[in-house]
K.L.:
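This structure is in structure tokens; I'll ask about it shortly.
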Amino acid sequence: MKFLTFETKKEASKEAYKILKELIDENSTLGLATGSTPTDLYEEMISDYKKGNFSYKNIKSYNLDEYVGISYNHPESYHKFMDTYLFDHIDIDKKNTHVPDASAENLQEALKDYQNKLDHSTIDVQILGIGGNGHIGFNEPGTSFESGVHVVDLKEETIKANSRFFDNDINLVPKQAVTMGIKDIMKAKNIILLAFGKEKQNAIKNLIASDIVDENIPCTILKKHPNVYVLIDKDADYR
């Protein structure tokens, strides 16, 4: 595991993009994340594309998760997020982009379909954020390390943390999400985890400074992955 600390989110994200470009080519498959954590990384990807340095025409992508019960066009859906912050600004073929369909009438069939897609793909680089409670994707504390694609009941602290995207009203935040399982995440060839802000300190400490590998702290499974890059800002530094 490579652990790098930077003054700011922007600096960490610039370095994350340098690492990403070293690990992929223009035919690679990416695992993508949403939320405020990866937005500067996506800006770096867009900027380099606009300079003519990289093409996404043949890139495939799989997103970690999606809220249950909100439509594609909802402003806080992760489908919409990816269009807004990345896909609409690069030359990726949206037929090659995949986000869990969490608004499907038959949700169980949608989960099976997404699992099948993941089972027949190899993600070259998985981008991850991390929750204050150590969740990765929406795999909350207590999730089995052997889990595949599943519906999760979001913990209260996760709902509160995400309420900032819903006018700070926790009543507007969906209470469930579909997420890649931990086993799916661990299948990626490489993982780039980004963490910013003081609320991430304890999770980063559990990941970096202890020998614990515990399903109650989901991020700790990453210690068993051979190629993980952890990039944080100074506020997330527990030392």
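Atom set for the values below is all heavy atoms of this structure, side chains included, hydrogens, waters and symmetry mates excluded.
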K.L.:
Go through the structure and list residues passing salt bridge (charged side-chain N to carboxylate O under 4.0 Å, His left out) with K50, not counting sequence neighbours.
P.N.:
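Partners of K50 under the salt bridge (charged side-chain N to carboxylate O under 4.0 Å, His left out) test: none.
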K.L.:
With S36, which residues qualify under side chain to side chain donor-acceptor pair (under 3.5 Å), at least two apart?
P.N.:
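Residues passing side chain to side chain donor-acceptor pair (under 3.5 Å) with S36: R164.
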K.L.:
Would you give the length of the straight line joining atom CD1 of I212 to atom CD1 of I217, rounded to the nearest 0.5 angstrom?
P.N.:
5.0 Å
K.L.:
In this structure, would L231 and L207 fall into the same cluster of hydrophobic residues linked by side-chain contacts under 4.5 Å?
P.N.:
no
K.L.:
Does the side chain of V230 reach to within under 4.5 Å of the side chain of V228, using non-hydrogen atoms?
P.N.:
yes
K.L.:
What is the distance from atom CG of L118 to atom CG of D113, rounded to the nearest 0.5 Å?
P.N.:
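Between L118 CG and D113 CG, I get 9.5 Å after rounding to 0.5 Å.
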K.L.:
Can you tell me how far the NE2 atom of H135 sits from the CD atom of E157, to the nearest 0.5 Å?
P.N.:
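Between H135 NE2 and E157 CD, I get 9.0 Å after rounding to 0.5 Å.
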K.L.:
Restricting to ring pair (Phe, Tyr, Trp, His ring centres under 6.0 Å), what partner residues turn up for Y67, sequence neighbours left out?
P.N.:
Y78, F138, F166
K.L.:
Mind listing the side-chain donor-acceptor pairs of residues 86-95 below 3.5 Å, one per line with the distance, residues two or more places apart or on another chain?
P.N.:
| unit_1 | atom_1 | unit_2 | atom_2 | d |
| --- | --- | --- | --- | --- |
| D88 | OD1 | K94 | NZ | 2.6 |
| H89 | NE2 | T84 | O | 2.7 |
| D91 | OD1 | Y56 | N | 2.7 |
| D91 | OD2 | S55 | OG | 2.7 |
| D93 | OD1 | K95 | N | 2.9 |
| K94 | NZ | D83 | OD1 | 3.2 |

K.L.:
Are the side chains of I136 and I221 in touch, meaning some heavy atoms are under 4.5 Å apart?
P.N.:
yes
K.L.:
Which value, rounded to the nearest 0.5 Å, describes the distance between H150 atom NE2 and Q115 atom CD?
P.N.:
10.5 Å
K.L.:
Mind listing the closest non-hydrogen atom pair of I204 and A195 along with its distance?
P.N.:
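Minimum heavy-atom separation between I204 and A195: CD1-CB, 3.6 Å.
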K.L.:
Quick check: do T29 and T122 have side-chain heavy atoms less than 4.5 Å from each other?
P.N.:
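The answer is no, as the side chains (C-beta and beyond) never meet within the 4.5 Å cut-off.
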K.L.:
Can you pull out every side-chain hydrogen bond (donor to acceptor under 3.5 Å, both in side chains) where at least one residue sits in residues 188-201? Sequence neighbours excluded, please.
P.N.:
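Non-adjacent pairs meeting side-chain hydrogen bond (donor to acceptor under 3.5 Å, both in side chains): D124-K189.
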K.L.:
Please check if the side chain of S147 supplies one atom and the backbone of I182 the other of a donor-acceptor pair under 3.5 Å.
P.N.:
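Pair found, side chain donor or acceptor close to backbone of I182.
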K.L.:
Do you know the tightest heavy-atom contact between K9 and T37?
P.N.:
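Closest heavy-atom pair between K9 and T37: CE-O, 3.5 Å.
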K.L.:
Taking F54 as the starting point, is it possible to reach L30 by hopping between hydrophobic residues whose side chains are less than 4.5 Å apart?
P.N.:
yes
K.L.:
Only one of V151, V152, L107 forms a side-chain contact (heavy atoms from CB on, under 4.5 Å) with Q176, so which one is it?
P.N.:
V151
K.L.:
Does CD belonging to E105 count more than 12 external heavy atoms closer than 6.0 Å?
P.N.:
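It does not: E105 CD has 12 such atoms or fewer within range.
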K.L.:
Considering all heavy atoms of both residues, which atom of F196 and which atom of A12 are nearest to each other, and what is their separation?
P.N.:
CE2-CB, 3.6 Å
K.L.:
What is the minimum heavy-atom distance between D214 and T220, and which atoms define it?
P.N.:
N-OG1, 2.9 Å
K.L.:
Please enumerate all residues that pass salt bridge (charged side-chain N to carboxylate O under 4.0 Å, His left out) together with E140, with sequence neighbours excluded.
P.N.:
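Counting only residues at least two positions away or on another chain, E140 forms no salt bridge (charged side-chain N to carboxylate O under 4.0 Å, His left out).
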K.L.:
Below 4.5 Å, heavy atoms only, C-beta onward: do D184 and I123 meet side chain to side chain?
P.N.:
no
K.L.:
List for me each residue that meets side chain to side chain donor-acceptor pair (under 3.5 Å) alongside E109, sequence neighbours excluded, and say none if there are none.
P.N.:
none
K.L.:
Just so I know, are the side chains of D101 and E66 near enough to count as touching, which here means a heavy-atom distance under 4.5 Å?
P.N.:
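No, too far: nothing below the 4.5 Å cut-off.
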K.L.:
Same cluster for L23 and L4 if Ile/Leu/Val/Met/Phe/Trp/Tyr side chains link at under 4.5 Å?
P.N.:
yes
K.L.:
Quick one: do L128 and I130 end up in the same hydrophobic cluster if we chain Ile, Leu, Val, Met, Phe, Trp and Tyr together by side-chain heavy atoms under 4.5 Å apart?
P.N.:
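Yes: a chain of side-chain contacts under 4.5 Å links L128 to I130.
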K.L.:
side-chain contact (heavy atoms from CB on, under 4.5 Å) between K160 and E156: does it pass, once the steps are laid out?
P.N.:
CA-CA 6 Å; K160 285 182 178 177; E156 184 179 355; 3.2 Å; yes
K.L.:
What pairs with Y85 under side chain to side chain contact (heavy atoms under 4.5 Å, CB included), at least two apart in sequence or on another chain?
P.N.:
T39, Y42, F81
K.L.:
Show the numbers, then the answer: is there a side-chain contact (heavy atoms from CB on, under 4.5 Å) between K21 and N53?
P.N.:
CA-CA 10 Å; K21 277 197 74 175; N53 295 329; 4.1 Å; yes
K.L.:
Taking side chain as C-beta onward, heavy atoms only, is S28 less than 4.5 Å from V125?
P.N.:
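Counting from C-beta outward, S28 and V125 never come under 4.5 Å.
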K.L.:
Would you please say whether a donor-acceptor pair under 3.5 Å links the side chains of S210 and K223?
P.N.:
yes
K.L.:
Taking ring pair (Phe, Tyr, Trp, His ring centres under 6.0 Å) as the test, write out the residues that go with Y229, two or more places apart.
P.N.:
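Result, ring pair (Phe, Tyr, Trp, His ring centres under 6.0 Å) vs Y229: none returned.
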K.L.:
Quick check: do D40 and P38 have side-chain heavy atoms less than 4.5 Å from each other?
P.N.:
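Not touching, per the 4.5 Å side-chain cut-off.
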K.L.:
Decide if atom CG of D25 counts as having more than 12 heavy atoms of other residues, nucleotides or ligands within a radius under 6.0 Å.
P.N.:
yes
K.L.:
side-chain contact (heavy atoms from CB on, under 4.5 Å) between V149 and V178: does it pass, once the steps are laid out?
P.N.:
CA-CA 7 Å; V149 178; V178 170; 4.0 Å; yes
K.L.:
Restricting to non-hydrogen atoms, name the atom on A203 and the atom on G132 that form the minimum distance, rounded to 0.1 Å.
P.N.:
CB-O, 4.0 Å
K.L.:
I need the I127 CD1 to N63 CG distance, nearest 0.5 Å.
P.N.:
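Reported value, rounded in 0.5 Å steps: 11.0 Å.
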K.L.:
Could you pull out all residues at least two apart from Y72 that satisfy ring pair (Phe, Tyr, Trp, His ring centres under 6.0 Å)?
P.N.:
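Checked Y72 against ring pair (Phe, Tyr, Trp, His ring centres under 6.0 Å); matches are H79.
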K.L.:
Please enumerate all residues that pass ring pair (Phe, Tyr, Trp, His ring centres under 6.0 Å) together with Y62, with sequence neighbours excluded.
P.N.:
H98
K.L.:
Do N139 and I185 touch side chain to side chain, with heavy atoms closer than 4.5 Å?
P.N.:
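Yes. Closest side-chain heavy atoms under 4.5 Å.
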K.L.:
Hey, any chance L32 and M180 share a hydrophobic cluster, counting ILVMFWY side chains that come within less than 4.5 Å of each other, even indirectly?
P.N.:
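In one cluster: no.
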K.L.:
Only one of K14, K18, K10 passes side chain to side chain donor-acceptor pair (under 3.5 Å) with E44; say which it is.
P.N.:
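Among the candidates, only K14 passes.
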K.L.:
For L20 and M45, what are the C-alpha separation, side-chain angles and deciding distance, and is it a side-chain contact (heavy atoms from CB on, under 4.5 Å)?
P.N.:
CA-CA 9 Å; L20 178 65; M45 294 167 69; 4.1 Å; yes
K.L.:
With sequence neighbours left out, which residue pairs that include part of residues 230-239 fulfil the side-chain hydrogen bond (donor to acceptor under 3.5 Å, both in side chains) condition?
P.N.:
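Every side-chain hydrogen bond (donor to acceptor under 3.5 Å, both in side chains) pair that includes a residue of residues 230-239, provided the two are not neighbours, is T5-R239, E7-K234, D237-R239.
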K.L.:
Please find the pair of heavy atoms, one from L154 and one from P174, that lie closest to each other, and give the distance.
P.N.:
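In this case the closest contact between L154 and P174 is CD1-O, 3.5 Å.
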